[in-house]
Amino acid sequence: MKPLSLPHSSSTILLLLLLCFHGVVAAASSNSSSSSAPSKIGKGYRLISLEETPDGGFLGHLQVKQKNKIYGADIPTLQLFVKHETDDRLRVHITDAEKQRWEVPYDLLPRDQPPVAKQTIGRSRKNLIGVQDYATSSGELIFSYTADPFSFAVRRKSTGQTLFNTSSGGPFGPMVFKDQYLEISTKLPEDASLYGLGENTQPHGIKLNPGDPYTLYTTDISAINLNADLYGSHPVYMDLRNVKGKPYAHGVLLLNSNGMDVFYKGSSLTYKVIGGVFDFYFFAGPSPLGVIDQYTSLVGRPAPMPYWAFGFHQCRWGYHNLSVVEDVVDSYKKAKIPLDVIWNDDDHMDFHKDFTLSPISYPREKLRAFLDKIHGIGMKYIVIIDPGINVNSTYGVYNRGLADDVFIKYEGQPYLAQVWPGAVNFPDFLNPKTVSWWGDEIRRFHDMVPVDGLWIDMNEASNFCSGLCTIPKGKKCPTGTGPGWICCLDCKNITKSRWDDPPYKINASGLQAPIGFKTIATSAVHYNGVLEYDAHSLYGFSQSIATHKALQGLQGKRPFILSRSTYVGSGKYAAHWTGDNQGNWENLKYSIPTMLNFGIFGVPMVGSDICGFYPAPTEELCNRWIELGAFYPFSRDHANFYSPRQELYQWESVAESARNALALRYKLLPYLYTLSYDAHLTGAPIARPVFFSFPTYTECYGLSTQFLLGSGLLISPVLEQGKTQVKALFPPGSWYSMSDMSRSIDSKGEYYTLDAPLHFINVHLYQNTILPMQRGGMISKDARTTPFSLVVTFPAGSTDGAEARGSLFMDNDELPEMKLGNGESTYIEFYATVSKGSVKLWSEVQEGKFALGKGLVIEKVSVLGLGGSGSSPSDVQVDGNSVSAAVASKVQVRSVEQIGVASSAGGDEKAKKSLLVEVSGLEIPVGKNFAMTWHMGL
């Protein structure tokens with residue numbers, strides 16, 4: 001939930017008025033960063049020494065060539081550390097050689113620490129003139145440097161291609177390193193496709209657009225604001241290039257938590273950072289999935305998710321009392337719309353205070369009785385928690401926090417801010433005592449209300465006020481009437497320190513707002529003297545870690561946490577929703593690239609508020625949004641306090657669309673859950689850009705209106721008002737409609753115009769895939785107990801040489817870890833081939849005991865794309881036994897000729913003839929190896 005969400009033009013006016021009132025616009029404009037600064041600053045550095053380190057890296061020193069005062073004094077001597085940490089990962093770390101500088105804490109994001117100069121041994125390189133290379137025998141990345149002026153480049157060994165090159169020339173100058181201003185640039189080929197650098201709402205789609213601003217600084221402004229710094233900070237990008245028809249992807253992470261502007265010009269990319277160090281990590285790929293694997297191996301694999309998290313979720317800010325929530329759950333059941341999780345925004349709280357219940361609206365005994373009821377059928381309950389703790393001497397949470405000294409300080413006192421309950425202090429999650437206190441408060445609350453997960457919001461951190469504030473005397477704050485986000489504390493600006501008013505102004509809020517505006521003052525102090533200036537963008541990340549530790553410690557169960565603010569590595573602990581969007585067609589469209597970006601960021605469990613957070617969506621829009629949102633990894637309807645009710649049953653037409661789309665989602669739950677297992681092992685996104693599976697097909701590099709679930713399930717939603725058709729791009733190969741498997745598309749890489757009536761979304765499955773499905777249900781707990789079916793897809797008309805594969809992961813989803821080897825999980829790989837008209841389908845099971853204990857069976861197999869005469873297959877066998885002889889009364893075999901769909905480009909080429917063969921009535925145990933064969937008439 002959010003204090004105020006306005007269109008960018010309106011929010012710009014409001015923010016400027018507020019800034020003028022506070023007397024800071026003049027300062028912001030007179031010291032403005034980019035407009036008045038020269039395009040090139042200084043002469044850079046020269047490399048003066050370089051020696052090998054015991055761990056196989058190189059350590060060097062850089063000396064500034066010519067000092068200047070633009071944005072402050074240069075740091076005279078820098079330390080350079082370079083190391084191939086793996087064959088696919090190269091690190092380049094540059095910092096002050098004389099004094100320790102702020103870095104992302106190593107205990108927060110575990111990684112190797114660079115050595116210091118006095119600990120190094122070995123020989124110094126004498127010849128520092130010219131270009132020198134540094135590589136390992138097995139590594140794919142080569143580091144090279146030029147000594148004077150110092151620059152470095154990273155090349156791919158296998159192709160010689162330059163991936164990153166900081167040599168000055170053209171529009172940018174050499175490297176700059178000052179206390180509060182760091183600048184470095186890289187040259188880029190014009191045809192490189194870049195993705196990442198968020199969180200922001202990108203109107204041009206998933207590909208980074210040259211000239212658009214990319215500012216990284218966690219900020220509570222609505223997601224409707226385009227090209228502005230939003231709730232998360234992810235200074236990582238993927239670069240995809242097609243070189244003579246062969247794709248190569250690599251990744252670049254600048255691990256730095258300070259505010260930054262990144263200027264992408266097409267032929268270059270420039271970082272301008274207001275503190276910290278240069279800590280670059282380069283990931284060799286060369287596939288997009290390889291980049292994500294290498295990235296998440298460093299920053300943390302995505303968190304295991306409980307099975308129910310992939311069900312449908314319903315929330316609203318404004319469920320005034322428990323009876324409303326009970327009615328919502330009952331209404332979903334009556335409408336026969338699946339629902340797994342019901343949520344409360346802060347309506348359940350006692351005057352908006354964390355870890356409390358309203359004794360009137362949500363009395364404890366009645367709430368517990370409700371939870372007993374929904375828990376009994378497998379449903380779950382999640383509530384919101386904001387970080388601000390109400391300053392209130394009668395409030396136990398506050399008193400215990402004060403006693404444990406857990407709050408962020410300003411001049412030795414807890415920093416005072418305002419959010420929903422009024423005056424608050426912010427817990428300092430960098431303090432180990434805070435983590436313990438937070439865990440204790442969660443335990444106390446869970447003892448009172450057995451919630452199944454926590455939603456941590458407002459953790460950028462958001463503040464309704466700015467500056468140094470005090471509680472006003474003689475007036476009530478907040479008043480209890482009108483909007484709760486109006487600042488009612490007595491506040492004055494803090495501009496006396498360089499931390500509150502840095503020399504370079506990042507484009508905060510898209511307006512060069514002061515970096516302390518509506519958040520914690522940047523000169524406030526965390527544990528061990530850490531400045532908010534440095535740690536600001538880590539706040540939500542550190543809260544996620546503390547919350548994850550607390551939930552995991554409660555009952556040893558797998559946690560579920562939804563966080564608004566994220567940073568590098570947040571996916572290891574939390575899911576994310578994309579914040580306060582708007583109920584319009586543009587925001588429906590924007591939700592796809594934002595979702596796909598978070599897959600690149602290592603946060604695969606992500607989705608947007610279905611039907612929009614505010615204002616009221618139209619009935620048609622809500623139809624189309626649930627059709628799309630049913631395929632977000634995290635699927636939740638959520639709405640604003642001031643918006644009309646928009647649960648999916650409020651319109652019968654939307655209810656029909658919801659039943660259709662969610663019916664397919666719930667059948668696909670085993671597939672989604674297996675994808676989440678893959679994500680946990682390798683970082684692979686659940687929802688992926690189409691180019692992840694088709695990197696040679698350049699037409700899809702910018703495709704932002706369709707996406708894949710996993711490697712081959714293509715979602716093609718309607719994103720425009722009044723449309724009953726969708727123009728969808730199909731990469732080369734055979735695709736099969738999930739709504740009617742007799743319909744196929746054999747594409748050469750073309751657009752197809754598909755019918756899409758109001759209650760329908762186009763979902764297609766790619767060739768060479770084996771998709772596990774179940775019957776579905778109203779709750780995931782029930783859906784996962786139903787029989788399985790397998791959908792096998794071959795290229796259309798296959799008679800020889802075709803292959804398909806798929807997988808299935810099952811486990812006890814309450815266990816904290818998601819892995820094999822604990823006796824509570826099973827992993828199955830499925831394979832299929834067609835060879836000279838013979839079809840074979842088989843499985844290879846790892847640790848089948850868990851699955852066998854569930855008593856689940858495969859009841860149906862559908863094989864698509866087979867070539868043949870049209871007659872039914874003959875001699876169908878399972879494990880060498882003829883099914884017709886074994887269970888003749890149950891097993892049925894049928895074949896259907898598949899119908900090809902013409903492309904939008906037309907043409908008179910005939911589609912390849914193919915057959916769908918379906919074998920039903922089977923009873924194949926899921927946890928046991930099997931082999932199934934038959935012959936096709938050719």
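All values derive from a computational prediction rather than experimental measurement. Values reported hereafter were calculated over all heavy atoms of this structure, with side chains retained and with hydrogens, waters and symmetry mates removed.
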Trainee: Judged by modelled atom types alone, do Thr434 and Asp428 share a side-chain donor-acceptor pair under 3.5 Å?
Mentor: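 No.
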Trainee: How many angstroms lie between OH in Tyr533 and OG in Ser257, if you round to the nearest 0.5 Å?
Mentor: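 Answer rounded to 0.5 Å: 10.5 Å.
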Trainee: What distance do Ile520 atom CD1 and Glu532 atom CD have between them, rounded to the nearest 0.5 Å?
Mentor: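 With rounding to 0.5 Å, CD1 (Ile520) is 4.0 Å from CD (Glu532).
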Trainee: Could you tell me whether a side-chain N or O of Thr186 sits under 3.5 Å from a main-chain N or O of Asn165, the two making a donor and an acceptor?
Mentor: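 Yes.
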Trainee: Looking at every heavy atom in both Gly683 and Ile292, which two are closest together, and how far apart are they?
Mentor: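 Where Gly683 meets Ile292 most closely, the heavy atoms are O-CG2, 3.1 Å.
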Trainee: Go through the side-chain N and O atoms of Thr698 and Asn242 and say whether any donor and acceptor fall under 3.5 Å apart.
Mentor: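 No.
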Trainee: Can you tell me if Ser563 and Tyr573 form a side-chain donor-acceptor pair at under 3.5 Å?
Mentor: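 The answer is no; no qualifying pair exists.
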Trainee: Would a distance-only check, ignoring hydrogens and angles, find a side-chain to backbone donor-acceptor pair under 3.5 Å from Ser693 to Val690?
Mentor: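 Looks like no, no N/O pair under 3.5 Å.
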Trainee: Donor-acceptor pair, Asn507 side chain versus Thr215 backbone, under 3.5 Å?
Mentor: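 It does not hold such a pair.
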Trainee: Kindly assign one of parallel, tilted or perpendicular to the pair Tyr673 and Phe310, based on the angle between their ring planes and the thresholds 30° and 60°.
Mentor: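 If you compare the ring of Tyr673 with that of Phe310, the planes turn out perpendicular.
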Trainee: If you define the side chain from C-beta out and look only at heavy atoms, does anything of Leu254 sit under 4.5 Å from Phe280?
Mentor: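 Contact flag for Leu254/Phe280 side chains = yes.
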Trainee: Is it the case that the side chain of Thr86 and the backbone of Asp88 share a donor-acceptor pair, with hydrogens and angles ignored and the cut-off at 3.5 Å?
Mentor: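 Side chain of Thr86 to backbone of Asp88: a pair is present.
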Trainee: Return the minimal non-hydrogen interatomic distance between Leu709 and Leu675, and the atom names on each side.
Mentor: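 Closest approach of Leu709 to Leu675, heavy atoms only: C-CD1, 3.9 Å.
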Trainee: Cationic tip of Arg665 within the cone over Phe631's six-membered ring, i.e. under 6.0 Å and within 45° of the normal?
Mentor: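 Output no; distance or angle outside limits.
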Trainee: Verify side chain to side chain donor-acceptor pair (under 3.5 Å) between Tyr307 and Asp340, making sure each step is shown before the conclusion.
Mentor: CA-CA 10 Å; Tyr307 199 88; Asp340 258 78; over 6 Å; no
Trainee: Should Arg101 and Asp279 count as an ion pair when the cut-off is N to O under 4.0 Å?
Mentor: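 Looking at Arg101 and Asp279, the cut-off is not met.
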Trainee: Do other residues, nucleotides or ligands put more than 12 heavy atoms under 6.0 Å from the NZ atom of Lys83?
Mentor: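 Count over threshold, so yes.
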Trainee: Around atom NZ of Lys549, are there more than 12 heavy atoms of other residues, nucleotides or ligands at under 6.0 Å?
Mentor: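 Not buried by this count: 12 neighbours or fewer within 6.0 Å.
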Trainee: For Glu460 and Ser565, which I'm curious about, is there any donor-acceptor pair between the side chains at under 3.5 Å?
Mentor: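 Glu460 vs Ser565: no donor-acceptor pair found between side chains.
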Trainee: Between Ile382 and Leu562, is a side-chain contact (heavy atoms from CB on, under 4.5 Å) present by the stated rule, with each step listed?
Mentor: CA-CA 10 Å; Ile382 294 176; Leu562 184 72; over 6 Å; no
Trainee: Under the 3.5 angstrom rule, does the side chain of Asn256 hit a backbone N or O of Gly275 as a donor-acceptor pair?
Mentor: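 Pair found, side chain donor or acceptor close to backbone of Gly275.
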Trainee: Can a donor-acceptor pair be found, under 3.5 Å and without considering hydrogens, that links the side chain of Arg91 to the backbone of Val82?
Mentor: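 Judged by distance alone, no pair lies under 3.5 Å.
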Trainee: For Asn587 and Ile224, what are the C-alpha separation, side-chain angles and deciding distance, and is it a side-chain contact (heavy atoms from CB on, under 4.5 Å)?
Mentor: CA-CA 7 Å; Asn587 278 253; Ile224 68 174; 3.6 Å; yes
Trainee: Quick one: are Tyr701 and Pro247 in side-chain contact, heavy atoms under 4.5 Å?
Mentor: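 They are in contact (side-chain heavy atoms under 4.5 Å apart), so the answer is yes.
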Trainee: Mind checking whether Thr705 and Lys589 have side chains closer than 4.5 Å, heavy atoms only?
Mentor: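 Yes, side chains in contact.
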Trainee: If you apply the rule side chain to side chain donor-acceptor pair (under 3.5 Å), what do you find for Asn581 with Ser608, and how did you get there?
Mentor: CA-CA 8 Å; Asn581 58 0; Ser608 295; 4.6 Å; no
Trainee: What I'd like to find out is whether the side chain of Leu226 reaches to under 4.5 Å of the side chain of Tyr590, using heavy atoms alone.
Mentor: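 Touching, per the 4.5 Å side-chain cut-off.
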Trainee: Give the minimum heavy-atom separation between Thr674 and Ser807, together with the two atoms involved.
Mentor: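 So the minimum-distance heavy-atom pair works out to CG2-OG, 3.6 Å.
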Trainee: Might you point out which heavy atoms bring Lys572 and Gly300 nearest each other, and give the distance in Å?
Mentor: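 In this case the closest contact between Lys572 and Gly300 is CD-CA, 4.0 Å.
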Trainee: Would you compute the distance between atom CG of Leu289 and atom CD of Gln294 and round it to the nearest 0.5 angstrom?
Mentor: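 If I round to the nearest 0.5 Å, the distance is 10.5 Å.
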Trainee: Among residues at least two apart in sequence or on other chains, which ones pass salt bridge (Lys or Arg N to Asp or Glu O under 4.0 Å) with Arg301?
Mentor: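 Asp293.
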Trainee: Got a sec, which residues hit salt bridge (Lys or Arg N to Asp or Glu O under 4.0 Å) with Lys819, two or more places apart in sequence or on another chain?
Mentor: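 If we apply the salt bridge (Lys or Arg N to Asp or Glu O under 4.0 Å) test to Lys819, skipping adjacent residues, the hits are Glu817.
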Trainee: For Ser716 and Gln706, work out which heavy atoms get closest and say how close.
Mentor: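 Heavy-atom minimum between the residues: OG-NE2, 2.9 Å.
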Trainee: Start with the C-alpha distance between Phe692 and Ile600, add both sets of side-chain angles, then the distance that settles side-chain contact (heavy atoms from CB on, under 4.5 Å), and finish with yes or no.
Mentor: CA-CA 10 Å; Phe692 267 56; Ile600 293 172; 4.3 Å; yes
Trainee: Run the salt-bridge test on Arg784 and Asp813 with the 4.0 Å N-O cut-off and return the result as yes or no.
Mentor: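 Yes, Arg784 and Asp813 are salt-bridged.
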Trainee: Kindly say whether the aromatic ring centers of Tyr195 and Phe691 come within a distance under 6.0 Å.
Mentor: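 Yes, they do, as the ring centres are separated by less than 6.0 Å.
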Trainee: Can we say Lys557 and Asp452 salt-bridge, meaning some charged N sits less than 4.0 Å from an Asp/Glu carboxylate O?
Mentor: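 Judged by the 4.0 Å cut-off on N to carboxylate O distance, Lys557 and Asp452 do not form a salt bridge.
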Trainee: Got a donor-acceptor contact below 3.5 angstrom from the Lys157 side chain to the Thr136 backbone?
Mentor: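 Confirmed, Lys157 side chain pairs with Thr136 backbone.
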Trainee: Tell me if the aromatic rings of Trp455 and His638 count as close, with their centers under 6.0 Å from one another.
Mentor: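 Yes; His638 has its ring centre under 6.0 Å from that of Trp455.
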Trainee: Less than 3.5 Å apart, any donor N or O on the side chain of Glu140 or Ser158 sitting next to an acceptor on the other?
Mentor: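 There is such a pair (donor and acceptor under 3.5 Å, judged by atom type) between the side chains of Glu140 and Ser158.
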Trainee: Indicate the ring-plane relationship of Tyr271 and Phe164, choosing parallel, tilted or perpendicular according to the 30° and 60° boundaries.
Mentor: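 Rings of Tyr271 and Phe164: tilted, 30 to 60°.
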Trainee: Hey, does Tyr677 have a side-chain heavy atom less than 4.5 Å from the side chain of Leu820?
Mentor: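 Yes, at least one pair of side-chain atoms sits under 4.5 Å.
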Trainee: Is there a side-chain contact between Val341 and Arg636 (heavy atoms, below 4.5 Å)?
Mentor: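 In short, these two side chains do not touch, never coming nearer than 4.5 Å.
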Trainee: Answer yes if the ring centres of Trp308 and Phe560 are under 6.0 angstrom apart, and no otherwise.
Mentor: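 So the answer is yes for these two rings.
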Trainee: Ring centres under 6.0 Å, that's the criterion: do His250 and Phe282 meet it?
Mentor: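 Between Phe282 and His250, which both carry aromatic rings, the centre distance is not below 6.0 Å.
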Trainee: Closest heavy-atom contact between Phe694 and Cys700?
Mentor: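 Smallest heavy-atom distance, with atoms named: O-SG, 3.6 Å.
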Trainee: Please tell me if the side chains of Ser635 and Ile610 come closer than 4.5 Å, counting only heavy atoms from C-beta onward.
Mentor: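 Counting from C-beta outward, Ser635 and Ile610 do come under 4.5 Å.
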Trainee: Parallel, tilted or perpendicular, judged at 30° and 60°: which one describes the rings of His234 and Tyr567?
Mentor: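 Parallel, since the angle between the ring planes stays under 30°.
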Trainee: Looking at CG of Leu230 and OG1 of Thr201, how far apart are the two atoms once the value is rounded to the nearest 0.5 Å?
Mentor: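 With rounding to 0.5 Å, CG (Leu230) is 5.0 Å from OG1 (Thr201).
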Trainee: Check whether Gln202 reaches the backbone of Thr594 with its side chain - one donor and one acceptor, N or O, closer than 3.5 Å.
Mentor: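 No; judged by distance alone, with no hydrogens or angles, the pair does not exist.
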Trainee: Would you say Trp438's side chain and Ala546's backbone share a donor-acceptor pair under 3.5 angstrom?
Mentor: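 Pair absent, no side-chain N/O of Trp438 close to backbone of Ala546.
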Trainee: For a 4.5 angstrom cut-off between non-hydrogen side-chain atoms, does Leu719 reach Ile592?
Mentor: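 The answer is yes; the side chains approach within 4.5 Å.
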Trainee: For salt bridge (charged side-chain N to carboxylate O under 4.0 Å, His left out), just list the numbers for Lys272 and Asp261, CA-CA rounded to whole Å, side-chain angles, deciding distance to a tenth of an Å, and then say yes or no.
Mentor: CA-CA 5 Å; Lys272 297 185 178 183; Asp261 289 330; over 6 Å; no
Trainee: How long is the straight-line distance from NE2 of His680 back to OG1 of Thr296, given to the nearest 0.5 Å?
Mentor: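 Between Thr296 OG1 and His680 NE2, I get 10.5 Å after rounding to 0.5 Å.
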Trainee: Tell me if a side-chain donor or acceptor on Thr826 pairs with a main-chain N or O of Met810 at a distance below 3.5 Å.
Mentor: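 Looks like no, no N/O pair under 3.5 Å.
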Trainee: Could you please spell out the steps behind the side-chain contact (heavy atoms from CB on, under 4.5 Å) verdict for Arg564 and Trp577?
Mentor: CA-CA 6 Å; Arg564 189 168 73 178; Trp577 93 107; 3.4 Å; yes
